[in-house]
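Order of listing sets the numbers, starting from 1, for every ligand and every atom in it. If you read the sequence from its start, that first residue is 1, and numbering goes on from there.
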Amino acid sequence: MPQPEPSPLPPLPPLPRLSGWPRWIAHRGAGRRAPENTLAAFRHGWQLGYRAFECDVKLSADGEPYLLHDDTLERTTSGQGPAAALDWAALSRLDAGAWCGSGWAGEPPTRLAALAAFANAEGLHVNLELKPLPGQAEPTGRTVAGAVRRLWHPGTPAAWLSSFQPPALAAAAAAAPELPRALLLDRLAPGWLAQAQALGCQGVVLDHRLVDTEVLHGLQAQGLACWVYTVNEAARAEALWALGVDRIITDTLGP
Ligand code: G3P
Ligand code: MG
């Protein structure tokens, strides 16, 4: 027998913890418009009008938090092979812009400390995705959370930490429990909502294809925010806003 459709969501007041967070979040700095996860991308996104940004953070071989999506270097830098092989001194000499176009050549990889300086200067809203290299979930969560605690000024919007890897979030929670956290999900395995709650998350970041009214009801009943990634079609974004998602991570939409 077909299940009845869940009733439409009643309007809810804005979640206080999201107060001030812009609706659109630029994926990897400025989406597809600039070399991902570089300061140049953040600057470009800022010029385009974005005031909230997502990026991917991992650790160099000597424990420096910096921005990189892949586990290997060749797609987005002038380096080759596993990122795990290089310390920050070696990483900092790579070119992280030329792959995106000659106009971006010379842009170096970005340390979290450099992003923090920009975030503090401009009051950016930043979602740091903990993107650990293999076997690095706990040190990445711990180190990034500790670094955010040191580097973000009290007046700067709190950085949200998110991850597909629960051990990274758990380590971040132990190191800096005051930082807001979100569980990233690309599928809804049994117990996903309980897992987000057990990690003390204030929200989840879902592949947008997972969202429906039942999922949103479940989240809202627990007081959890729902962010979605990565939405690049205006009609889909409109449908998601109408469903009641809280924030959209995008490569191409927004301001
Ligand atoms: O944080 C949302 C999104 O960035 C997760 O996927 O692979 O683009 O890091 P990915
Ligand atoms: Mg990401």
Side-chain angles (χ1 to χ4, degrees), residues 18 21-39 41-42 44-45 50-59 65-77 83 96 99-100 109-112 115 119 124-134 136-137 140-141 144-145 148 157-169 172 179-189 192 195-196 199 201-211 215 219 224-233 236-237 240 245-254:
L18 283 175
W21 263 85
R23 298 206 317 162
W24 300 100
I25 299 167
H27 189 220
R28 305 183 192 175
R32 298 173 183 163
R33 294 146 160 160
E36 64 183 53
N37 287 316
T38 63
L39 214 47
F42 275 76
H44 190 66
Y50 290 103
R51 295 296 179 265
F53 304 84
E54 184 266 4
C55 59
D56 307 292
V57 188
K58 48 176 48 75
L59 301 183
Y66 73 105
L67 310 189
L68 186 73
H69 181 276
D70 299 359
D71 290 350
T72 51
L73 296 164
E74 44 269 22
R75 184 178 65 84
T76 59
T77 79
W99 68 276
C100 194
T110 298
R111 277 199 308 170
L112 187 61
L115 173 58
L124 303 186
H125 292 77
V126 179
N127 167 209
L128 300 172
E129 182 189 343
L130 306 170
K131 197 73 134 179
L133 289 164
Q136 291 280 300
T140 302
V144 172
V148 169
W160 277 61
L161 305 181
S162 61
S163 189
F164 288 110
Q165 298 197 31
L169 289 173
L179 295 177
R181 294 176 298 283
L183 181 61
L184 260 163
L185 294 167
D186 55 10
R187 57 185 283 267
L188 297 180
W192 64 272
Q195 185 172 43
L199 288 162
C201 289
Q202 298 191 358
V204 297
V205 186
L206 300 179
D207 182 322
H208 71 92
R209 291 165 293 193
L210 301 174
V211 175
V215 166
L219 286 166
L224 295 181
C226 180
W227 301 19
V228 291
Y229 72 92
T230 304
V231 182
N232 294 330
E233 291 176 9
R236 179 60 181 151
L240 289 160
V245 302
D246 291 295
R247 298 294 180 271
I248 290 181
I249 298 173
T250 182
D251 289 315
T252 55
L253 303 175

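Counting heavy atoms only, E54 comes closest to atom 2 (C) of ligand 1 of the residues K131, E54, H69.
Atom OE1 is the N, O or S atom of E129 at the shortest distance from the Mg ion (ligand 2).
Below 4.0 Å from some heavy atom of L184 lie the following atoms of ligand 1, by number and element: 1 (O), 2 (C). In the vicinity of R28, heavy-atom distances shorter than 4.0 Å reach the ligand 1 atoms 7 (O), 8 (O), 10 (P). Near H27, with a cut-off below 4.0 Å to any heavy atom, the atoms of ligand 1 are 3 (C), 4 (O), 8 (O). Counting the atoms of ligand 1 from 1 in the order shown, those under 4.0 Å from a heavy atom of F164 are 5 (C), 6 (O).
The closest side-chain donor-acceptor pair between D251 and T230, if any, does not fall under 3.5 angstrom. Looking at R28 and H69, their side chains do bring a donor and an acceptor atom within 3.5 Å of each other.
Angle OD1(D56) to the Mg ion (ligand 2) to OE2(E54): 110° [nearest 10 degrees].
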Between R33 and H44, is the side-chain hydrogen bond (donor to acceptor under 3.5 Å, both in side chains) condition met? List the steps. CA-CA 8 Å; R33 294 146 160 160; H44 190 66; 5.9 Å; no

side-chain contact (heavy atoms from CB on, under 4.5 Å), that's the test. Do R32 and N232 meet it? Break it down for me. CA-CA 10 Å; R32 298 173 183 163; N232 294 330; 3.2 Å; yes

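Side chain of D56 to main chain of E129: no donor-acceptor pair is present (N/O by atom type, distance under 3.5 Å, no hydrogens or angles).
Relative ring orientation between Y229 and F164 is described as perpendicular, the plane-to-plane angle rising above 60° on a 0-90° scale split at 30° and 60°.
Shortest non-hydrogen contact noted between Y66 and A83 is OH-CB, 3.6 Å.
Polar contact with ligand 1: present for D56 (N/O pair, distance under 3.5 Å).
Of the protein's non-hydrogen atoms, E129 OE1, 3.4 Å is the one closest to atom 5 (C) of ligand 1.
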